[in-house]
Amino acid sequence: MKLNDLGPLMARRRDGGLSFGFDRFRSDPALAALLHWPDDVLRDFLFDHGDNGHFLDDYGDVDLCAITWELETIPAAAFTTMPTGESDAGCIESYAADPVYWVKVRPPEVGRYWEEHGTWLRPLLLIDRRLLDLADSGLQVLEGRTRVRSAVRSPSRAAARRSRPPGVGGASVRTCPVALRTLRASRCFRGRDADD
């Protein structure tokens, strides 16, 4: 199954409006029988962006059933040059003009979680670039572009976390995380000839 194959499901989601919520979406037979993905991935990738033209251009031909997802923590430094999809090139940088706005438009629990844990409520979604082209390597940001920008690429403009550690009189400022939780899309790659 490929993202392009989900057109009828995405049309039902659009046509159903608010009554076609995430729970109904994830239990649709088109997904439930074939994809056993974490809810965060189903929501952030397919439910929110499954009919986004840029996502269809970049990920429409990926075999969704071949993807496995793994929760891992990746050093924040790895995100400083990590790309996003070709159709969204420059997208991460475009948030630099007003990263505070992008935090404000999120539900309040997102900001609270960041304040308490120094990472995002839901993990970023990354994809192994070999899923797009076997000759490629590395990771790219699939979803979470705003979060990467505000947390890593413009830390001086991100909403800093102020706290008073126990027994310390002064305040410390946290402007950039050391690492971010991610859900990473990959599969077992045994070499270029493995699928032949």
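Because only heavy atoms are used, hydrogens play no part in the values below, and waters and symmetry mates are left out as well, while side chains stay in.
Nearest heavy-atom pair across D58 and L132 is O-CD2, 3.8 Å. Residues W69 and L126 come closest through the heavy atom pair CZ3-O, 3.8 Å. Across every non-hydrogen atom of A185 and I67, the tightest pair is CB-CG2, 3.6 Å. Here the closest non-hydrogen pair linking L56 and G50 is CD2-O, 3.7 Å.
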Task: Evaluation steps, side chain to side chain contact (heavy atoms under 4.5 Å, CB included), between L71 and L183 - done: CA-CA 5 Å; L71 186 64; L183 276 163; 4.1 Å; yes

- [ ] Test L124 against V141 for side chain to side chain contact (heavy atoms under 4.5 Å, CB included), laying out the working first.
- [x] CA-CA 8 Å; L124 301 165; V141 178; 5.6 Å; no

TODO: For side chain to side chain contact (heavy atoms under 4.5 Å, CB included), just list the numbers for D5 and L64, CA-CA rounded to whole Å, side-chain angles, deciding distance to a tenth of an Å, and then say yes or no.
DONE: CA-CA 10 Å; D5 299 331; L64 302 178; over 6 Å; no

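Taking CG from L3 and CG from D63, the interatomic distance works out to 12.0 Å, rounded to the nearest 0.5 Å. If you take OG1 on T84 and CD1 on I127, they are separated by 10.5 Å, rounding to the nearest 0.5 Å. The CZ atom of R129 sits 9.0 Å away from the CG atom of L139 when rounded to the nearest 0.5 Å. Here the straight-line distance linking atom CZ of R184 with atom OG1 of T73 works out to 12.5 Å at 0.5 Å rounding. Distance check: D128 CG to D136 CG gives 9.0 Å after rounding to the nearest 0.5 Å. Note: E143 CD to L46 CG = 11.0 Å, rounded to the nearest 0.5 Å.
Judged as a ring-ring contact (aromatic ring centres under 6.0 Å, His included), and not counting sequence neighbours, the contacts of F47 are F22, F25. Contacts of D28 classified as salt bridge (charged side-chain N to carboxylate O under 4.0 Å, His left out), with partners at least two apart in sequence or in another chain: R12. Residues meeting the salt bridge (charged side-chain N to carboxylate O under 4.0 Å, His left out) test with D51, sequence neighbours left out: R13, R14.
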Under 3.5 Å donor-acceptor pairs involving side-chain atoms of residues 30-41, not counting sequence neighbours:
unit_1: D39; atom_1: OD1; unit_2: R26; atom_2: NH1; d: 3.2
unit_1: D39; atom_1: OD2; unit_2: R26; atom_2: NH1; d: 2.3
unit_1: D40; atom_1: OD1; unit_2: R43; atom_2: NH1; d: 3.3

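In this structure, T68 contributes its side chain and S186 its backbone to a donor-acceptor pair below 3.5 Å. Side-chain atoms of T182 come within 3.5 Å of backbone N or O of E72 as a donor-acceptor pair.
Between Y59 and F45, the angle of the ring planes goes over 60°, which puts this pair in the perpendicular group of the 30/60° scheme.
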